[in-house]
Each structure stands twice: as structure tokens, then as C-alpha cells.
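For reference, the structure is listed below as C-alpha cells.
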Amino acid sequence: MNRALEVLKERGFVQQCTDFEGLSRLMDEGPVTFYVGCDPTGPSLHIGHMVPFFAFRHLVQAGHHGIALLGGGTARIGDPSGKTEMRKLISYEAIDENTDRFIAQLNRFLGFDGTHARTANNKDWLANLNYIEFLRDIGRHFSVNRMLSFEAYRQRMETGLSFIEFNYQLLQSYDFLELYRRHGCRLQIGGDDQWGNIVAGIELIRRVEGAECYGLTFPLVTTSDGKKMGKTEKGALFLDPAMTTPYEMFQYFRNVSDEDVGRFLLMFTFIPTEECRRLAAGKDAELNRAKERLAWEVTALIHGKEEADKALTAAHAAFGGEGDVSQLPTVEIERSRFEEGIGVLDIFVTAGLAASRSDARRLVQQGGASINGERVMDEKAVVTLAHLQEGALMLRAGKKRVCRVVCTE
RNA sequence: GGGGAGAUUCCCGAGCGGUCAAAGGGGGCAGACUGUAAAUCUGUUGGCUUUCGCCUUCGAAGGUUCAAAUCCUUCUCUCCCCA
């Protein structure tokens, strides 16, 4: 088998492929142009989007040419795949703005140089599509009966599927065709929920151009307890540091389940396969260390080594060791308020460690609140200047959530 | 267009005139145990005060009633059947 393909397989990226042998042969012959699509429906990419882009990097490393296709056009419609509800329509302006942000984030990760890695936006060919022509040239190749048999649409038959969403598959197929025509793109990769759309695109190209293209999908990454990977209480793990701090991202990976360490190392880092296996095979403390390595690597890939180091040292500081406290989540409170005295309940709320005073009260009652490492038992306790150590103090809610409070003038 | 069913607290889902801040499950949070893991057990889970209590919530707006999530009217949305 082709080496690059084999690497993907070893690392757990492969879920389905339309024709393994054929693709392998094609890749052996020389650089293959491939693409991954993603619709800019939100203000930031999140970690779940990244699986195909990790594969993207592996492929580019092996000499193939990747296109990151931004769905500036398809985002106007909404993909029903894997969704149980209809998507809200997003304004064109928002989509364009999201697109720019996605590109910037991807550029950091992939390094677009215009040949080995480049971007495209399907808005360029979809936005001004002529409806009649599209139906004549493209629409006639699609069978409604066939489409309805696809799992993605069948599920939606229960809850309702609007006509515009139903057309998504045609547009995505058309994307593949366009990229084939413009750039000789022969392979589409993506999450397994895209399987139906990918296959449809391949068939379209075969009918219209008589050419053979390929599709490769990746498993939908879930955590060992069956949840979608990268979901936190606050939502997804975003790449935008303003939405998810590097520290939060670090902590997410630092806290993954034992069973997930191996898989995540393989998929979300570029540590050699052998080493990933070795790291994940460790027991107890060793395995625990592997999680730290995983967290650092991922954070470094997304936010850079510097941020990863900061997150690491902050984590050490937060969890009973030496480290740089200044990188922990921090809030500022004016000196005058310390002079007056701040109720514990209030300070936990302002620090964001409790949702409300009632919540803070519960926290204290259950023994989960501490200041500078001292458990707070009295909900009426008052925080004053005396609590400050070098102008700051450390609040802790439970074992994992910490916040540093800095006194300002 | 006609007929039917339904909208409950983060989610699912009971409740069908007072005893309802609303059962149960899930999830979340906290404690114990630990390895910043999992599993398990315990507690907790609208807000304000914690002593009594008060306030806001059961799709939206009105109405009936001493009293409504529970009854009536209108509206919005969803699903199902027929066209």
C-alpha cells in the first residue's frame, strides 16, 4: 500500500475509502491533488474540524497537494448531514467574516503556499450559479430516490428537511467537479458524515467527465464515553484563543480518559506512530505523563510552543507544583473593594467560578471552595487585603477550576 | 387547504385546579476514593436570603378562579394524517 495512505491508516484516520487499491496506485504514481471542505458557519474552527486537517498535513508532508475548500457558498444553505435539526440561515456578511477567520486559523496550521497547500472558496462558483443551467447540467444526474435512501436524509425525513438543505448534496458534488476541472483534484477527504456527499461527487465526475476520483473518510472522533470529542460544558473547543484559551485547550487534553490517550496522540499530534504507541502503553503515573505530553503537543500545534509552555507551567502551578501562576485564568479587582471587604460568595461569582450567589453558597457548603489553598467553610467570610499575597490571591472551586484574583489600584 | 397531536425547568420526560420550584432519568457541579483518568458511593442542581420567607419559571398574550403548568380564548411554532 502507498506509504502516505498507510500512515493515515496506522494513525486511525481511515474509516471508509471508495477504492483503496485504486487510490493507493494513484498516490504511488505521483502527487495527488485532494481537498477537504468545511463550511464557515461559525466564528471559529473547533477541534472537531481539525481531524481532516491533520490528515491534510500528513498528506502534504508526503508530497501531495491539498486544497482547503471554504464553503462560502454552501454555508448559505446548510448541510443536513448528521444534524437533527434544520440549520439557521446565516447572513452573507457573517459567512464572509467567518471565512476570513477560518482561513487565518488554517493558514497557521497548514501554511498555505499556493501549491502544496491552498485555499478555495465555493462561493466563487456557487454564488452566481444559473438555476436552469445547473438543473440541466448537474441536476439531471441525481436521482431523488437514490438520495432519499442515504442515511443522512432518511433521518431527516422524520423531523423535516427543507428543499434547500436537500440540495446540499448537489452543491457539494458540484464542488468536487469544479475542483477536478480547475485543479485536477482527484480525492476528497472528510468526516464520515460526508460519505454520502463524497460518493455523490465522485459519481457526478464519472458521469460528466468520465474520470475516476476517490473518497476517503475519517471516523467521527468520540471520547471513550461516547461523547463528541472536544465538547465541553461551555461548548466546543475553539481554535480562537479568545473563545477557548490555550490553557483550556491544554486542560481538555490533559484530562482525557486513559483509553483515549493513544488514539488522540495518533490523530492530534505528529509524534511518530511508534512513540505514540509506547506512550499510550504506559501504566498509571506513566500514562498520566503521556496525557501531559498529549496536551502540550496539541496546544503547541494550535497555538504555538510558547503558549503551550505557558499552559503547561500554569497547569503545574494550579495542580500543586511549581509553576507560573500568572498564566492561570485571572480577574482583576480594585484595591478599594478589598479595603471594604468582599464576601466570599461575591468573589467567587466575579471570578466566574460560580454562576450565582446561590451557586457559590452551594460550593462553600459542599466544601469545594478554597482561598489560597485554605478551604472556606463559612459562607459569610469576607475577603480583605489580608488575604493578598504579593497583590494576588488564588481561588479554587473544586479540584480543577482555579482563578487568580489580582488586586489593582 | 382540511383533520389530529403537541410545545414543561440544561436535555429527555412525568404532572393535568391547590399538598408544584414542579416526579424520574440523563447531564452538570461538589465531596469521598484516586493518577488533574475511569468506575463507584454520597450530596447537590431557578434566583434572592438562609431562620421563617420572598421573587421569577411550565411556547406567547389575554381570561375564568380565593387559587392554574394544569380550565377557556386568541396567537406562534412543531409533528402526524388527508389534499
Side-chain angles (χ1 to χ4, degrees), chain A residues 80 83-89 154-162 165 222-237 245-265 279-296 298-299 308 311-323 325 327-329 343-346 348-371 373-381 394-403:
Chain A
K83 308 283 185 312
T84 49
E85 284 172 20
M86 186 163 77
R87 255 193 191 154
K88 292 185 191 73
L89 292 179
R154 204 189 308 173
Q155 277 176 12
R156 291 298 304 275
M157 293 303 288
E158 302 290 320
T159 56
L161 176 64
S162 82
E165 289 181 276
T222 53
T223 56
S224 58
D225 46 5
K227 288 181 199 156
K228 255 191 195 169
M229 190 264 160
K231 291 283 177 197
T232 67
E233 324 79 69
K234 288 200 243 160
L237 272 189
T245 64
Y247 176 74
E248 284 172 311
M249 180 163 292
F250 183 94
Q251 282 302 314
Y252 180 87
F253 284 94
R254 179 61 250 254
N255 282 309
V256 298
S257 302
D258 288 5
E259 304 86 277
D260 293 332
V261 179
R263 262 187 325 135
F264 287 3
L265 278 167
L279 284 166
K283 290 269 181 293
D284 301 325
E286 222 177 325
L287 184 58
N288 206 16
R289 295 273 305 165
K291 290 181 190 178
E292 191 172 271
R293 175 80 189 277
L294 168 67
W296 187 89
V298 177
T299 312
L312 177 66
T313 154
H316 282 168
F319 294 92
E322 301 291 296
V325 193
Q327 292 305 319
L328 288 171
V344 240
L345 266 30
D346 292 314
F348 272 89
V349 172
T350 38
L353 294 175
S356 63
R357 301 190 83 240
S358 294
D359 194 32
R361 183 172 282 119
R362 253 172 251 131
L363 190 68
V364 172
Q365 282 169 353
Q366 296 182 127
S370 75
I371 297 176
E374 300 246 339
R375 183 174 283 191
V376 183
M377 297 308 288
D378 179 9
E379 55 194 69
K380 289 199 177 105
M394 190 71 76
L395 298 180
R396 188 178 291 265
K399 292 187 189 69
K400 290 181 194 163
R401 292 178 301 136
V402 295
C403 182

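Here the structure is a predicted model, which is why all the values come from computation and not from measurement. Note on naming: letters A, B, ... go to the chains in the order of the sequence lines (proteins, then strands), and numbering restarts at 1 for each one. As a basis for the values below, the full set of heavy atoms in this structure was taken, side chains included, without hydrogen atoms, waters or symmetry mates.
As the counterpart of B:C52, no nucleotide is assigned, since no Watson-Crick or G-U wobble pattern has both distances under 3.5 Å. Under the Watson-Crick or G-U wobble criterion, with both distances below 3.5 Å, B:A32 is paired with B:U40. Using Watson-Crick or G-U wobble geometry with both donor-acceptor distances under 3.5 Å, B:U9 finds no partner in any strand shown. Using the Watson-Crick or G-U wobble rule with both distances under 3.5 Å, B:U65 pairs with nothing in any strand shown. If you check B:A23 for Watson-Crick or wobble pairing at under 3.5 angstrom, you find it has no partner at all.
At whole-Å resolution of the value, CD in A:E379 and C1' in B:U51 are 12 Å apart. If you take CZ of A:R396 and P of B:G31, they are 10 Å apart, rounded to a whole angstrom. Taking atom CG of A:D359 as the reference point, atom C1' of B:G28 lies 10 Å away to the nearest angstrom. The distance from atom CG of A:D284 to atom P of B:U34 is 13 Å, rounded to the nearest whole Å. Note: CZ (A:R254) to C1' (B:U34) measures 13 Å, nearest angstrom. Rounded to a whole Å, the CD atom of A:Q365 is 16 Å from the C1' atom of B:U42.
A pairwise comparison of heavy atoms in A:D378 and A:V364 identifies C-CG1, 4.0 Å as the closest pair.
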(request) Please step through side-chain contact (heavy atoms from CB on, under 4.5 Å) for the pair A:V344 and A:I371, ending with a clear verdict. (result) CA-CA 9 Å; A:V344 240; A:I371 297 176; 3.7 Å; yes
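Close to B:G31, at under 4.0 Å from its OP1 or OP2, lies no side-chain N or O of A:K400. Remark: A:R357 is not in phosphate contact with B:G47, judged by side-chain N or O atoms under 4.0 Å from OP1 or OP2.
Look at the P atom in both B:C81 and B:C16: the space between them is 29 Å, to the nearest Å. If you take atom P in B:U73 and the same atom in B:C29, they sit 45 Å apart, rounded to whole Å. To the nearest whole angstrom, the two P atoms, one in B:G47 and one in B:A21, are 16 Å apart. Nucleotides B:G31 and B:C79 place their P atoms 44 Å apart, quoted to the nearest Å. Between B:A61 and B:U40, the two P atoms lie 43 Å apart (nearest whole Å).
Taking only side-chain atoms of A:K399, from C-beta outward, the nucleotide of B:G35, B:C48, B:G31 with the closest atom is B:G31. Of the listed nucleotides (B:C48, B:A32, B:A37), B:C48 has the atom at the smallest distance from the side chain of A:S358. Here the side chain of A:R362 is nearest to one of B:C48, B:U44, B:A30, namely B:U44. With distances taken from any side-chain atom of A:R375 to the nucleotides B:A32, B:C29, B:A37, the minimum falls on B:A32. Among the nucleotides B:A32, B:G35, B:A30, the one closest to any side-chain atom of A:N288 is B:G35.
For A:R289 (side chain) and A:D284 (main-chain N/O), no donor-acceptor pair under 3.5 Å exists by modelled atom type.
Two residues are said to be in side-chain contact when any heavy atoms from C-beta on lie closer than 4.5 Å; A:M394 and A:L328 meet this criterion.
Remark: the A:Q366 side chain and the B:G31 base include no donor-acceptor N/O pair separated by less than 3.5 Å.
Where A:Q251 and A:A397 each meet RNA chain B at their nearest nucleotide, the meeting point lying more 5' is that of A:A397. In this structure, A:A355 and A:K291 both approach RNA chain B, and ranking their closest nucleotides by distance from the 5' end singles out A:K291.
No more than 12 heavy atoms of other residues, nucleotides or ligands shown are found within 6.0 angstrom of CD on A:E374.
Judged purely by distance below 3.5 Å, without hydrogens or angles, the side chains of A:Q327 and A:H316 never pair a donor atom with an acceptor atom.
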